[in-house]
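The structure appears right after this line, and notes come after that.
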Amino acid sequence: MKRTPMLLLPLLFLLAACQAGPAEGEAAAPLPGAAQVTCRVVDVQEGQAILAQAEGRASDVYALPLEGVPVTYAQPDQTALRPGDLIQVGYGGTIQETFPAQLGNVEAIQVQAQGFDDLCTLYLQVFQDLWDTDAALNAEITQLGLDLSQTRLPPAEQSALGVALGWRWDLPVRQATWEELVQDGTIDEENLLWEDGLFLSIQEEDPAAAGLTFTAQKWRSGLGAYCFAQCTAHQDAEGQWSEYVVGAEMVS
């Protein structure tokens, strides 16, 4: 069964204290701050950016309040920070060891000209669509399991996407495979049931391929699951992913 393609609306967020980037041919001004970190913008919610450190570990995820932080753009026509942007953050050098972590004394953000990739935005939309489909499966849950280990997303982006889902739905999120949740007793393997939780996963057919084919599912029990199968999407030359198309839907 085919599903009508779902449009991914671009997420644009206006920032206070935005500044124009350097003119063509000019070098960018040095980034203020005692330390710098390069991050992917995974999501923006209620004035805070959820960031994944480039080439970082699963723990290298930051929540960055945007109010009052100056932003410069390498592309002169860009006027807002977007999920998918690759940015450099200048900060004071200290990191508050919460999760997500907090960068101390953030002084400036520079949006890079290259490296845009909004795959996290695509997958957030997929999970929202799954959440809204057969909503009875979500009733009275108190926790989420999330497995993105079979995707091309690096560890920090997988973890940051979990933070974004947890903030969006006000639920704790545990990054784990179905088998790991069974092994520690979270999922009742004998009765095939997670009484108060919902397991979400995306599995890409070939994470090394240029195009994207994937299956996404939410699972609560052996008789309570929903799946978008053989979904496809494509990335353009600027790094933006297209709307995705569901090849088939399956329910149990």
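Note: hydrogens, waters and symmetry copies are ignored here, and every other heavy atom, side chains too, is used.
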Taking the side chain as everything from C-beta on, heavy atoms only, tell me whether [X] gets closer than 4.5 Å to [Y].
| X | Y | value |
| --- | --- | --- |
| L119 | L212 | yes |
| V111 | L81 | yes |
| Q150 | T177 | no |
| C120 | L153 | yes |
| L193 | S221 | yes |
| R168 | Q128 | yes |

State, to 0.1 Å, how close [X] and [Y] come at their nearest heavy-atom pair, and which atoms those are.
| X | Y | value |
| --- | --- | --- |
| A58 | V61 | O-CG2, 3.6 Å |
| A216 | I202 | CB-CG1, 3.8 Å |
| A63 | Q102 | O-OE1, 3.1 Å |
| W241 | A233 | CZ3-O, 3.8 Å |
| Q45 | D43 | NE2-OD2, 2.8 Å |
| L198 | N138 | CD2-OD1, 3.5 Å |

Okay, side chain of [X], backbone of [Y]: is any donor-acceptor separation there less than 3.5 Å?
| X | Y | answer |
| --- | --- | --- |
| R220 | A139 | yes |
| S242 | H234 | yes |
| Q217 | A225 | no |
| D118 | T121 | no |
| D60 | R57 | yes |
| D196 | Q143 | no |

same_hphob_cluster([X], [Y]) at 4.5 Å side-chain heavy-atom cutoff:
| X | Y | result |
| --- | --- | --- |
| W167 | V44 | no |
| I141 | L146 | yes |
| V42 | V106 | no |
| I50 | L124 | no |
| Y226 | F199 | no |

Measure the spacing between [atom1] of [X] and [atom2] of [Y] and express it to the nearest 0.5 Å.
| X | Y | atom1 | atom2 | value |
| --- | --- | --- | --- | --- |
| T151 | E204 | OG1 | CD | 5.0 Å |
| I187 | E189 | CD1 | CD | 9.5 Å |
| D117 | R152 | CG | CZ | 8.5 Å |
| T142 | D170 | OG1 | CG | 11.5 Å |
| L66 | E46 | CG | CD | 12.5 Å |
| D147 | E179 | CG | CD | 8.0 Å |

Next item on the list: Verify side chain to side chain contact (heavy atoms under 4.5 Å, CB included) between E205 and Q230, making sure each step is shown before the conclusion.
Entry: CA-CA 9 Å; E205 187 172 285; Q230 290 297 300; 3.5 Å; yes
What pairs with [X] under ring pair (Phe, Tyr, Trp, His ring centres under 6.0 Å), at least two apart in sequence or on another chain?
| X | value |
| --- | --- |
| W131 | W169 |
| W219 | W178 |
| F214 | Y123 |

Item checked: Pairing of R174 and D184 as salt bridge, 4.0 angstrom limit -> yes
Check: How does the hydrophobic cluster around L86 look, that is, which other residues are in it when side-chain heavy atoms under 4.5 Å mark a link?
Finding: none
Item checked: salt bridge (Lys or Arg N to Asp or Glu O under 4.0 Å) contacts touching residues 155-164 (sequence neighbours left out) -> R40-E157
Checklist line | Residue pair F116, D85: steps toward the side chain to side chain contact (heavy atoms under 4.5 Å, CB included) verdict | finding: CA-CA 5 Å; F116 181 88; D85 279 330; 3.4 Å; yes
Next item on the list: Take I109 and L64 through the test side chain to side chain contact (heavy atoms under 4.5 Å, CB included) and record every step on the way to the result.
Entry: CA-CA 11 Å; I109 295 171; L64 175 59; 3.7 Å; yes
Notebook entry, point to check: Quick check: are there more than 12 heavy atoms from other residues, nucleotides or ligands sitting under 6.0 Å from CD of E55?
Noted result: no
Side-chain donor/acceptor pairs under 3.5 Å, residues 92-99, sequence neighbours excluded:
{"from": "T98", "atom 1": "OG1", "to": "P100", "atom 2": "O", "distance (Å)": "2.6"}

Next item on the list: Begin with the C-alpha distance, continue with both residues' side-chain angles, and end with the deciding distance and a verdict on side chain to side chain contact (heavy atoms under 4.5 Å, CB included) for Y62 and V89.
Entry: CA-CA 11 Å; Y62 309 105; V89 182; over 6 Å; no
